[in-house]
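Remarks on the structure that follows.
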Number of protein chains: 2
Amino acid sequence: MNTILVVDDDPHIVRALAITLKGQGYTVVTATDGQSALHSAAQRPVSVMILDLGLPDMDGTAVISALREWSTVPILVLSARHGSSDKVEALDAGADDYITKPFGLDELLARLRALLRRRNDSSEEVTMVTTSSFTANLDKRQVTKSGQDVRMTPTEWNILDILLRNPDKLITQQQLLTEVWGPAYAKEANYLRVYMAQLRRKLETEPGNPRHLITEPGMGYRFVP
Amino acid sequence: MNTILVVDDDPHIVRALAITLKGQGYTVVTATDGQSALHSAAQRPVSVMILDLGLPDMDGTAVISALREWSTVPILVLSARHGSSDKVEALDAGADDYITKPFGLDELLARLRALLRRRNDSSEEVTMVTTSSFTANLDKRQVTKSGQDVRMTPTEWNILDILLRNPDKLITQQQLLTEVWGPAYAKEANYLRVYMAQLRRKLETEPGNPRHLITEPGMGYRFVP
DNA sequence: GCGAATCTTGACGCGCTCTTAACGGCACCG
DNA sequence: CGGTGCCGTTAAGAGCGCGTCAAGATTCGC
């Protein structure tokens, strides 16, 4: 779940924002001055920081600069000042977006979503699957068996990828054939038999007695970690 | 160098922006309607797209959606409409920022820098790569092999850069072609073969039997340190 | 405007992958 | 006990993808 750090010296605004954001399903952490904001950001992983520039203890751009020393968390700046020099200063200090008060809540939320979206698709989630006989890194498209890299052909990988991303779930033959070869091949169950045998030969310790790439007779296949 | 794609139906604005941006050292490409904007974006790699919502041929959000089908390039929206629903719509369609006209040029440039900064530092972590046969400094764009500097052409470097920044990760042919030549060249696998051979000749100790620039048949290439 | 470096494009041979067919084993059922 | 699907296995031909080379086109620096 995404955690939003809200920093504003006005407790009313903080509370109002917190309620709204929680209503959107975000986890919310708050701070009312620069020092505690930096401290909070260091305490736990934060997805986005919403920062008011008018803080009592330190200048807003100073907070941004300090945070940027060690963190790349997206910063959305709120400010009452409309002057463009303020905006330029904040943005060049390392902020990612800037809204002037008064602002529309829906606009704030939309900009928040934009920041979160970009953050999420740049931070690649590491998808690793390990079993007793092989290890697969779905991100790198790499499979190793007892320390050795296992070469996969495109078709082999396509099938394996689908199965590994759905552990314990039954994948019907039609699903596999449609995903890999296209809808026109939905009845060519032969292909699957050939390639499942190939995959087992490469990945199972005992290909004739598979433990992870399981056949469900009459239905399809299932990957069991 | 960063390439900015400017899209606006008013030629005056396009020219004014182009001059300003070129003055900042950016490479500028322009378009005056949605279709040609999408086409331009597909022709070459673009760092940021500046998009006016009031285009003659298609709705602004439609342009965003169409672009997001295959590209993650940051989009900065310009619009004359102040309504918050317009902003929400554009941002949720996939835009990254939204400025209403009239806007301050310095603010636009600052927001542009913010977008470029995030795009560039999202992948800048490892700058030195060493293998048994060559050493590369990704910051300085310098490669040495057994003490000797190796000259790289721009295209060669672009390819190498992507591979080196993703060690052990399989990069598909489409990814490479899209990043280096632009999405329009996604099927010109010939180019890759020529340039991979070139890179191997320059970097591998045994070009015919590569140890670091590995081909994954039917899929793409992989850099193995 | 000229020369050199770089990029684009086409052709060719080889190896690997995909496709396809045939056969045997197994379980279920009449 | 014989029949019928369904699955696993194997093998072989076809076709495609890759590496390689070379020549023409284009860009870039001087």
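Letters go in sequence order (proteins before strands), and every chain restarts at 1.
- Heavy-atom distances under 4.0 Å link DNA chain D to B:T215, B:G218, B:Y221 of residues 210-225 of chain B, given in residue order.
- An OP1 or OP2 oxygen of D:dT20 is reached within less than 4.0 angstrom by no side-chain nitrogen or oxygen of B:Q198.
- Ionic pairing of A:K87 and B:D106 is not present here: no N-O contact between side-chain nitrogen and carboxylate oxygen is shorter than 4.0 angstrom.
- Taking the charged nitrogens against the carboxylate oxygens, B:D52 and B:K101 do have a contact shorter than 4.0 Å, which makes a salt bridge.
- Distances from the side chain of A:Q173 to the nucleotides D:dC7, C:dA11, C:dT19 place D:dC7 closest.
- The ring-ring contact (aromatic ring centres under 6.0 Å, His included) test applied to B:F134 returns B:H212, not counting sequence neighbours.
- Listed nucleotides D:dG8, C:dA21, C:dT6 differ in distance to B:T153; the shortest reach to its side chain belongs to C:dT6.
- Of the candidates D:dT10, C:dT6, C:dG10, D:dT10 carries the atom nearest the A:R201 side chain, counting heavy atoms from C-beta on.
- When rounded to the nearest whole Å, the span between CG of A:L192 and C1' of C:dC18 equals 14 Å.
- Listed for the A:R201 side chain is no donor-acceptor partner under 3.5 Å among the backbone atoms of A:M196.
- Using a 4.0 Å cut-off between charged side-chain N and carboxylate O, B:E216 and A:R151 make a salt bridge.
- Closest contact between the side chain of A:A197 and the listed nucleotides C:dC7, C:dT19, D:dT9 involves D:dT9.
- Put simply, A:R151 has no side-chain N or O that comes within less than 4.0 Å of OP1 or OP2 on C:dC16.
- Residue whose closest nucleotide on DNA chain C sits further toward the 5' end, between A:N190 and A:E156: A:E156.
- Rounding to whole angstrom units, NZ of residue A:K187 and P of C:dT19 are separated by 19 Å.
- Taking 4.0 angstrom as the limit, A:R193 places none of its side-chain polar atoms (N or O) nearer than this to OP1 or OP2 of D:dG8.
- A:Y195 places its OH atom 11 Å from the C1' atom of C:dC16, with the value rounded to the nearest Å.
- Remark: C1' of C:dC7 and CZ of B:R44 are 16 Å apart, rounded to the nearest angstrom.
- You'll find the ring centres of A:W157 and A:Y195 outside the 6.0 Å limit.
- Rounded to a whole Å, the CG atom of B:N158 is 13 Å from the C1' atom of C:dC7.
- Atom CD of B:E188 is separated from atom C1' of C:dC7 by 12 Å (rounded to the nearest Å).
- At C:dC18, none of the side-chain N or O atoms of A:W181 fall inside 4.0 Å of OP1 or OP2 (strictly under the cut-off).
- Rounded to whole angstrom, the span from the NZ atom of B:K202 across to the C1' atom of C:dA5 amounts to 10 Å.
- Electrostatic pairing of B:R118 and B:D96 does not count as a salt bridge here, judged by no charged N lying under 4.0 Å from a carboxylate O.
- Closest approach to the B:V194 side chain among C:dT8, C:dA11, C:dT19 is made by C:dT8 (side chain taken as heavy atoms from C-beta onward).
- At whole-Å resolution of the value, CD in A:Q174 and P in D:dC6 are 13 Å apart.
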